[in-house]
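Values below: every heavy atom of this structure, side chains too, minus hydrogens, waters and symmetry copies.
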Amino acid sequence: MKLKAILFDYDDTLVQTRKIRYRTLKNLAKEKFRFDLLDVQIDEAWGLPGDEFLRRIYGEHAEDLESLWGEYHSFCERDPNLTFPGAEDFLQKYNSHFLFGILSSSSGRRVLKEIEGFSFSKNSFFSIQTAEDTNVHKPDPNVFLPIIEEARKRKLDSSEILYVGDTIGDAIASIGAGLRFLGMAHEKHSAKLFQKENLEFVSSFLELEHWIESSSF
């Protein structure tokens with residue numbers, strides 16, 4: 001069946017969140033709360049929905065979650081997130097060929113704010129689903145139900161949708177929801193995981209472009 005839409009994971013697929021935000025999180029911990037946040041602590045919480053992530057990272061300092069979000073946003077403004085090379089060009093080149101969407105476990109408060117700083121806008125996507133839009137999260141396939149419903153309003157079947165993500169959880173959830181999956185392995189460790197699970201993947205947006213052009217749908 002012909003591919004008509006591409007959904008993207010956000011963090012570490014479209015944008016370099018891990019690289020940028022580890023620094024942001026550590027700076028906030030050090031400057032505001034006077035403790036040293038370790039990589040391993042962030043690693044253990046990475047991928048959790050936004051509110052749960054901040055609670056896990058900052059513990060007792062997350063009792064007033066709204067204030068913490070305010071502080072976090074302020075520190076994020078000092079460290080603007082960056083798209084991966086080729087991401088913005090890919091979206092611009094293929095926006096007349098496919099419908100684009102985003103499905104992320106991150107908070108919409110962060111995702112929508114960051115998108116304002118990129119060359120594409122939220123209007124580039126038929127749907128942007130974030131942590132606040134569902135009570136379940138990857139790798140549960142039901143996480144895709146809201147965005148699949150949005151796709152159906154546009155006469156799209158799930159088999160016509162490709163999900164591009166950087167983790168095995170992305171693969172489990174999207175395949176379980178009836179979507180096609182393609183790994184995005186910006187890092188070598190991601191490539192090894194996809195290889196181990198015999199999952200098809202690309203390592204850059206240039207490779208994604210080549211994959212699109214060479215694939216028969």
Side-chain angles (χ1 to χ4, degrees), residues 1-15 17-18 45-53 56 81 83-84 87 90-91 94-95 97-115 118 120-186 190-191 193-194 196-202 205 207-208 211-212 215 217:
M1 190 171 286
K2 184 178 180 181
L3 182 65
K4 296 182 179 178
I6 303 175
L7 307 181
F8 294 95
D9 175 46
Y10 184 71
D11 296 317
D12 306 315
T13 297
L14 276 178
V15 296
T17 307
R18 186 182 293 268
W46 199 255
L48 291 174
D51 288 354
E52 188 177 345
F53 175 77
R56 179 76 65 85
N81 210 343
T83 56
F84 280 100
F90 180 88
L91 292 172
Y94 289 98
N95 64 3
H97 296 74
F98 305 104
L99 289 175
F100 291 129
I102 289 174
L103 186 145
S104 172
S105 297
S106 287
S107 170
R109 289 179 283 190
R110 189 68 246 145
V111 173
L112 295 173
K113 180 68 175 177
E114 290 182 359
I115 286 177
F118 302 139
F120 53 84
S121 71
K122 64 181 181 181
N123 296 325
S124 302
F125 306 95
F126 76 87
S127 181
I128 299 176
Q129 181 182 315
T130 57
E132 294 85 353
D133 298 315
T134 176
N135 293 323
V136 297
H137 302 284
K138 296 177 287 189
D140 188 335
N142 289 325
V143 70
F144 280 90
L145 291 178
I147 205 166
I148 287 175
E149 182 60 31
E150 289 299 317
R152 285 176 178 159
K153 293 176 184 177
R154 292 158 177 81
K155 311 300 183 185
L156 291 173
D157 184 81
S158 58
S159 62
E160 299 172 311
I161 303 171
L162 175 72
Y163 187 62
V164 181
D166 67 299
T167 71
I168 301 302
D170 292 333
I172 293 170
S174 57
I175 294 170
L179 280 63
R180 300 171 65 174
F181 175 77
L182 183 68
M184 178 60 82
H186 293 295
S190 297
L193 289 175
F194 290 137
K196 182 179 179 181
E197 298 298 326
N198 199 29
L199 291 166
E200 192 172 9
F201 69 92
V202 295
F205 278 90
E207 286 188 15
L208 176 57
W211 185 89
I212 293 289
S215 296
F217 304 118

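- From L179, atom CG reaches atom CD1 of I148 across 5.0 Å, with rounding to the nearest 0.5 Å.
- The structure places CG of D140 at 12.0 Å from NZ of K138, a figure rounded to the nearest 0.5 Å.
- Between the side chain of S190 and the backbone N or O of H186 there is no donor-acceptor pair closer than 3.5 Å.
- With a 4.5 Å cut-off on side-chain heavy atoms, R18 and D11 do not count as touching.
- Panel note: side chain R154, backbone E150; a donor-acceptor pair is recorded below 3.5 Å.
- Residues I102 and I115 are in side-chain contact: their nearest non-hydrogen atoms beyond the backbone lie under 4.5 Å apart.
- Heavy-atom minimum distance, P146 versus N142: CD-O, 4.0 Å.
- Using a 4.5 Å cut-off on side-chain heavy atoms (C-beta onward), F205 and M184 make contact.
- Ring pair W46/F53 is perpendicular by interplanar angle, where above 60° counts as perpendicular and below 30° as parallel.
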- Task: Go through the steps to decide whether I128 and L112 satisfy the test side chain to side chain contact (heavy atoms under 4.5 Å, CB included), and finish with yes or no.
- Result: CA-CA 9 Å; I128 299 176; L112 295 173; 3.9 Å; yes

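- Ion pairing between a basic and an acidic side chain is recognised when a charged N comes within 4.0 Å of a carboxylate O; D157 and R152 show no such pairing.
- W211 has its side chain within reach of E200: a pair of non-hydrogen atoms, C-beta onward, lies under 4.5 Å apart.
- The two residues L91 and F100 make their nearest non-hydrogen contact at O-CE1, 3.5 Å.
- Between F8 and F90, the two ring planes are perpendicular [angle over 60°; tilted spans 30° to 60°].
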- Message: Please determine whether side chain to side chain contact (heavy atoms under 4.5 Å, CB included) holds for the pair I168 and E197, giving the CA-CA distance in whole Å, both sets of side-chain angles, and the decisive distance to 0.1 Å.
- Response: CA-CA 8 Å; I168 301 302; E197 298 298 326; 3.7 Å; yes

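- Two residues are said to be in side-chain contact when any heavy atoms from C-beta on lie closer than 4.5 Å; K4 and I161 fail this criterion.
- Ring centroids of Y163 and F144 are separated by less than 6.0 Å, placing the two rings close together.
- Using a 4.0 Å cut-off between charged nitrogen and carboxylate oxygen, E149 and K153 do not count as a salt-bridge pair.
- Interatomic distance, F84 CZ to L208 CG, rounded to the nearest 0.5 Å: 13.0 Å.
- Taken from OG in S106 to OH in Y10, the straight-line distance is 7.5 Å, to the nearest 0.5 Å.
- Judged by distance alone, the side chains of E132 and S107 do bring a donor and an acceptor atom under 3.5 Å apart.
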- Item | Worked verdict on T17 versus N81 for side chain to side chain donor-acceptor pair (under 3.5 Å) | CA-CA 6 Å; T17 307; N81 210 343; 3.1 Å; yes

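- Between the side chain of D170 and the backbone N or O of T167, at least one donor-acceptor pair lies under 3.5 Å.
- The two atoms that bring P141 and G176 nearest to each other are CB-C, 3.6 Å, heavy atoms only.
- With 3.5 Å as the limit, one finds a donor-acceptor pair spanning the side chains of D166 and T13.
- Side chains of D9 and L14 form no contact here, defined as non-hydrogen atoms less than 4.5 Å apart.
- A donor-acceptor pair under 3.5 Å links the side-chain atoms of Q129 to the main chain of I147, judged by distance alone.
- Considering only heavy atoms from C-beta on, F98 comes within 4.5 Å of I212 through its side chain.
- Here the closest heavy-atom approach between residue A131 and residue G50 is recorded as CB-N, 4.1 Å.
- Atom CG of residue L182 and atom CG of residue L199 lie 9.5 Å apart, to the nearest 0.5 angstrom.
- The aromatic ring centres of F120 and F125 sit less than 6.0 Å apart.
- With values rounded to the nearest 0.5 angstrom, L162 atom CG is found 9.0 Å from S215 atom OG.
- Using a 4.5 Å heavy-atom cutoff, the side chains of F194 and F181 are in contact.
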